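The structure appears below as structure tokens.
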Amino acid sequence: GDLYIDDGHSFDFDSGNYIHRKFSFTGQTLTNERFDGSSTWDMPTMIEKIVILGMKNKHLSAHLQDGTPLDVEQGPLIMAAGNPDLALIVRKPKLSASLDWTITFL
């Protein structure tokens with residue numbers, strides 16, 4: 001998926017003042033990288049929580065690409081009838097939305 005953030009009130013996005021990120025999940029790895037080369041905004045926007053649905057294995061640990069461990073737990077979510085109600089939750093990972101990062105689940 002992708003994430004787009006701008007200031008919400010000006011036309012500064014015409015000058016590249018926005019964040020456009022691409023999230024991909026391959027194997028056991030979640031990656032956040034720049035969607036295109038035109039966004040230049042480095043706004044201090046932090047990721048508060050990451051919720052992952054549909055992982056087949058129970059992963060109770062995760063770390064960043066530099067080895068820093070992250071707080072991971074399994075938790076219930078209120079879902080539509082017939083969908084699984086468990087999710088893998090990474091709480092307060094202290095990651096910037098505007099910088100590249102990778103999380104590996106173990």
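One is the number of the first residue; the rest follow in order along the sequence. If you're wondering where the values come from, they're calculated on a predicted model, not measured in any experiment.
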Test log, rule side-chain contact (heavy atoms from CB on, under 4.5 Å), inputs L95 and N32: CA-CA 10 Å; L95 297 170; N32 172 24; over 6 Å; no

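Note that the CD atom of Q74 and the CD1 atom of I89 stand 9.0 Å from one another [nearest 0.5 Å]. One distance of note links CD1 of I52 with CZ of F105; it measures 3.0 Å at 0.5 Å rounding. Atoms CD1 and CZ, from I47 and F23 in turn, are 4.5 Å apart once rounded to the nearest 0.5 Å. Atom-to-atom distance recorded for L99:CG and W101:CH2 is 10.5 Å, nearest 0.5 angstrom. Rounding to the nearest 0.5 Å gives a distance of 6.0 Å between CG of L64 and CD1 of I103. One distance of note links NZ of K49 with CZ of R91; it measures 5.0 Å at 0.5 Å rounding.
Between L3 and F35, the closest side-chain pair of non-hydrogen atoms is not below 4.5 Å. Residues D12 and D7 form a side-chain contact, since some pair of their non-hydrogen atoms from C-beta on lies under 4.5 Å apart.
Of the N and O atoms on the side chains of N17 and S15, not one donor lies less than 3.5 Å from an acceptor on the other residue. When only modelled atom types and interatomic distance are considered, S96 and S98 share a side-chain donor-acceptor pair under 3.5 Å.
A 6.0 Å sphere centred on CD of E48 holds no more than 12 heavy atoms belonging to other residues, nucleotides or ligands.
No continuous path of ILVMFWY side-chain contacts below 4.5 Å connects Y18 to M46, so the two sit in separate hydrophobic clusters.
Smallest separation of non-hydrogen atoms from D100 and R34: OD1-N, 3.4 Å. Here the closest non-hydrogen pair linking H63 and L106 is CD2-CD1, 3.5 Å.
With sequence neighbours left out, T45 forms a side-chain contact (heavy atoms from CB on, under 4.5 Å) with I5, I19, M43, A97.
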